[in-house]
2 protein chains.
Amino acid sequence: MPDVSMTTTSERTTPQLGATSEMSSAVGSSDVEELLGIAQIAAISGLSQDTLRWYERQGLLPQVPRGSDGRRRYSPRHAAMVVLLARLRATGMPVEEMRAFSTLVSAGAATHGRRLALLQRHEERIHQRQNELQQALDLVRAKAAHYRELIAAGLDCDGAPVDADTAVQQARGTP
Amino acid sequence: MPDVSMTTTSERTTPQLGATSEMSSAVGSSDVEELLGIAQIAAISGLSQDTLRWYERQGLLPQVPRGSDGRRRYSPRHAAMVVLLARLRATGMPVEEMRAFSTLVSAGAATHGRRLALLQRHEERIHQRQNELQQALDLVRAKAAHYRELIAAGLDCDGAPVDADTAVQQARGTP
DNA sequence: GTAGGTCCTGGAGTTCGCTCCAGCGCAAGC
DNA sequence: GCTTGCGCTGGAGCGAACTCCAGGACCTAC
């Protein structure tokens, strides 16, 4: 589904969640030029620029500072927040809850406990999703194994032998 | 989000995917009365009755046989199919692909290979989701640990000590 | 026969989470 | 000065997957 064309102004970007920052070369940490534009943040987080702007409008992100030209300049802290949010979202946290988290973050150090609680609830949700996935995986594998047997034995779903034509057909799709 | 009220005509049902059938008592397999109504299928699969009907209209389910009263009567085979579909859906298979699978099933034994291929593609998708979840889990745990440290040490996000009021607040949400 | 419960159909409505777009501004390069 | 590239805003639009509902049929029990 994601479009992978890399034309000049590509909106959809390929995720590179691993790359925490490797593009600024030798300057170290000059504290001012660690600020990133929306294109970089999109590349790092895997979210589209539109999505980043939308998140901000929705209050999912603490207000992002702007440069003198009115453009967004994300601090490393913002970048980390975006990456976290992207991961939360990708693992099923509803936008509403992300907003709650963001609100807590904006509210300062006094909300650490509640942020922690929120993350723990999400951790629980992740565990549930993991279980679901594992169960589905088991079922899918069992089904697949079943089909492999039927194909190998040249049988139909009721265990009756299939004719030659069908047997040839059966093997299609499994090169 | 799911509503758990169990009033007389409950539409939303609680999943019981484990119960393959345990309600028909001693009769064994009389071949005619293993047929289940939509309410049972909903209970077994965790899908709502509306969703089951919608899936059928969408061609996600081979035509379900009807009783003399026009109601749906699901055979054990249909039931198994619904459960499989529910799990595929729950693990991110788009409806379009479920339709493709269902079409292959309806087409008979000659499509075993292609069904297998489709399931293997989904297996791959499941693995990807598992990786995503694991990465998110790691990140969430790291963040949570960080918050726990800050709370224990009574620090704010910049490593500066917080005042007493704030420290009390910090602990809220983590009983 | 009538009340209650379950199910039917077809179609409209809803939610979520983006995605697209027009119209504009700014800055750099030619 | 003009073009090109990148970004901005606000609002409309969209696709996926349900969910809800009105109006009706049928069966069972009382």
Side-chain angles (χ1 to χ4, degrees), chain A residues 1-3 5-13 15 35-43 45-61 63-74 78 82 85-100 102, chain B residues 1-3 5-13 15 35-43 45-61 63-74 78 82 85-100 102:
Chain A
M1 277 153 214
D3 127 358
S5 60
M6 256 314 193
T7 43
T8 36
T9 305
S10 74
E11 179 67 20
R12 274 166 217 68
T13 46
L35 300 177
L36 298 177
I38 197 169
Q40 275 97 54
I41 297 295
S45 67
L47 301 173
S48 76
Q49 298 188 17
D50 269 333
T51 299
L52 285 168
R53 287 188 279 256
W54 186 79
Y55 276 14
E56 202 179 331
R57 278 187 243 171
Q58 295 298 309
L60 271 57
L61 224 45
Q63 15 69 285
V64 176
R66 305 303 181 98
S68 56
D69 54 357
R71 299 184 177 192
R72 292 170 178 80
R73 322 257 62 214
Y74 296 79
H78 271 97
V82 170
L85 287 176
R87 285 236 208 269
L88 293 178
R89 186 70 207 70
T91 52
M93 181 180 286
V95 160
E96 184 54 44
E97 206 165 322
M98 287 162 59
R99 184 169 10 245
S102 184
Chain B
M1 282 150 205
D3 128 356
S5 61
M6 255 315 194
T7 43
T8 35
T9 306
S10 75
E11 178 69 19
R12 274 166 215 68
T13 48
L35 299 177
L36 299 176
I38 197 169
Q40 276 98 53
I41 297 295
S45 68
L47 301 174
S48 75
Q49 297 187 19
D50 270 332
T51 299
L52 285 168
R53 288 188 279 256
W54 185 79
Y55 275 14
E56 203 179 328
R57 277 187 245 172
Q58 296 298 310
L60 272 57
L61 226 45
Q63 16 68 286
V64 176
R66 305 303 183 98
S68 56
D69 54 358
R71 298 183 178 195
R72 291 169 178 80
R73 321 260 60 215
Y74 296 79
H78 272 96
V82 170
L85 287 176
R87 285 235 208 270
L88 294 177
R89 186 73 207 69
T91 52
M93 180 179 287
V95 160
E96 185 54 45
E97 204 164 323
M98 288 163 58
R99 186 173 5 249
S102 185

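Throughout, protein chains are lettered first and strands after them, A, B, ... in sequence-line order, and every chain is numbered starting at 1.
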Subject >> N/O (side chain, B/Y55) to phosphate O (OP1/OP2, D/dA17) under 4.0 Å >> reply: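 Indeed not, no polar side-chain atom of B/Y55 lies that close.
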Subject >> D/dT19 phosphate, OP1 or OP2, under 4.0 Å from B/T51 side-chain N/O >> reply: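 Affirmative; the distance criterion is met.
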Under the side-chain contact (heavy atoms from CB on, under 4.5 Å) test, which residues partner [X], sequence neighbours left out?
X     : result
B/R57 : none
B/R72 : B/I38, B/R53, B/E56, B/V64, B/R66, B/Y74
B/R71 : B/D69

Original post:
So how far is it from B/R99 CZ to B/E97 CD, rounded to the nearest 0.5 Å?
Top reply: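 It comes to 11.5 Å.
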Original post:
To the nearest 0.5 Å, what is the distance between CG (A/L47) and CG (A/L52)?
Top reply: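 Separation between the atoms: 5.0 Å.
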Nearest-angstrom distance from the residue atom [atom1] of [X] to [atom2] of [N]:
X     : N      : atom1 : atom2 : value
B/Y74 : C/dC8  : OH    : C1'   : 12 Å
B/M93 : D/dC18 : CE    : P     : 13 Å
B/R73 : C/dC8  : CZ    : P     : 9 Å
B/Q58 : D/dG15 : CD    : C1'   : 13 Å
B/E56 : C/dC7  : CD    : P     : 14 Å
B/L47 : D/dC18 : CG    : P     : 8 Å
B/R89 : D/dA17 : CZ    : C1'   : 7 Å
B/L52 : D/dA17 : CG    : P     : 16 Å

Original post:
Just by protein heavy atoms under 4.0 Å, how would nucleotides 7-14 of chain D read 5' to 3' in B, S and -?
Top reply: SSBBB---
**OP:** Could I get the full list of side chain to side chain donor-acceptor pair (under 3.5 Å) partners for A/T91, not counting sequence neighbours?
**Re:**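 For A/T91, the residues satisfying side chain to side chain donor-acceptor pair (under 3.5 Å) (neighbours in sequence not counted) are A/H122.
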Original post:
For A/Q63, what residues pass the side chain to side chain donor-acceptor pair (under 3.5 Å) criterion, not counting sequence neighbours?
Top reply: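 Partners of A/Q63 under the side chain to side chain donor-acceptor pair (under 3.5 Å) test: none.
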Subject >> Axis-to-axis angle between the two ends of the helix from C/dG1-D/dC30 to C/dC30-D/dG1 (five base pairs per end, rounded to 10 degrees) >> reply: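 End axes: 10° apart.
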Original post:
Would you say B/R89 and B/L85 make side-chain contact, with heavy atoms under 4.5 Å?
Top reply: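 A side-chain contact under 4.5 Å is absent here.
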Subject >> Candidate nucleotides D/dC18, C/dC18, D/dT19, ranked by approach to the side chain of B/S48 - the nearest >> reply: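 Nearest to the side chain of B/S48 among the choices is D/dT19.
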Original post:
Mapping B/S68 and B/E96 onto DNA chain D by nearest heavy atom, which one lands closer to the 5' end?
Top reply: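 Residue closer to the 5' terminus by nearest nucleotide: B/E96.
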Subject >> Shortest non-hydrogen separation from B/A42 to B/S48 and the atoms involved >> reply: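 The pair with the smallest heavy-atom distance is CB-C, 4.4 Å.
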